[in-house]
Amino acid sequence: MQEDGCPETPVPCRVPGCNVAPKRKNLECHLNDPEHRSKHQCLEKKEIDKLEMESANQESLTRTFLIPDFEAKLATMAVNDPIHSGEFSFQDGKYHVTLYPKIE
């Protein structure tokens with residue numbers, strides 16, 4: 001079965017908890033709109049807090065991190081270019097994640 005790539009098809013926002021389903025052609029506008037971006041940051045924070053609470057009593061810990069404009073960066077990056085996450089805290093330390101998705 002072929003994926004429906006029609007620009008007029010409504011697609012759900014990929015941010016957990018956001019119930020907006022813009023047309024495919026408008027998804028990036030929705031994600032980059034300052035009003036929705038602020039809402040998304042709150043929703044992402046709630047999701048991270050929920051994951052932290054779930055993992056508080058476990059031996060392993062799950063962390064979610066955000067890489068702003070990931071798809072745009074991925075589409076324009078050259079081979080061996082890194083993509084960096086924002087800084088996050090873990091066990092009293094500050095970290096970031098660096099991805100190298102196009103290594104030769």
Side-chain angles (χ1 to χ4, degrees):
M1 183 170 133
Q2 187 175 10
E3 182 181 332
D4 179 13
C6 176
E8 297 297 321
T9 301
V11 293
C13 178
R14 58 183 168 250
V15 176
C18 182
N19 298 319
V20 175
K23 292 180 180 181
R24 184 181 314 278
K25 68 181 182 182
N26 297 330
L27 180 59
E28 288 303 315
C29 290
H30 166 75
L31 293 170
N32 293 319
D33 178 84
E35 180 181 333
H36 288 110
R37 185 175 285 184
S38 176
K39 177 184 172 189
H40 290 162
Q41 288 173 342
C42 290
L43 290 169
E44 289 167 342
K45 171 86 169 89
K46 285 180 185 178
E47 184 69 15
I48 290 169
D49 290 346
K50 182 179 114 182
L51 290 171
E52 287 176 346
M53 291 296 291
E54 289 173 359
S55 64
N57 296 323
Q58 299 177 5
E59 289 186 26
S60 63
L61 184 63
T62 301
R63 286 286 188 245
T64 302
F65 55 90
L66 177 66
I67 299 178
D69 303 316
F70 177 77
E71 289 183 6
K73 290 176 183 175
L74 187 62
T76 60
M77 66 187 298
V79 173
N80 296 329
D81 278 352
I83 297 176
H84 304 284
S85 73
E87 187 176 89
F88 59 93
S89 299
F90 176 67
Q91 295 182 343
D92 298 323
K94 299 286 185 187
Y95 300 90
H96 74 271
V97 173
T98 302
L99 300 176
Y100 293 88
K102 292 185 177 181
I103 296 178
E104 283 190 345

Using side chain to side chain donor-acceptor pair (under 3.5 Å) as the criterion, list what pairs up with E8, not counting sequence neighbours.
K23, K25

Partners meeting side-chain contact (heavy atoms from CB on, under 4.5 Å) with C18 (sequence neighbours left out)
C13, V15, V20, H30, K39, H40, L43

Residues E28, R14: salt bridge by 4.0 Å N-O rule:
yes

N/O donor-acceptor pair under 3.5 Å between R24 side chain and C6 backbone
yes

Trace of the side chain to side chain contact (heavy atoms under 4.5 Å, CB included) decision for H36 with L31
CA-CA 7 Å; H36 288 110; L31 293 170; over 6 Å; no

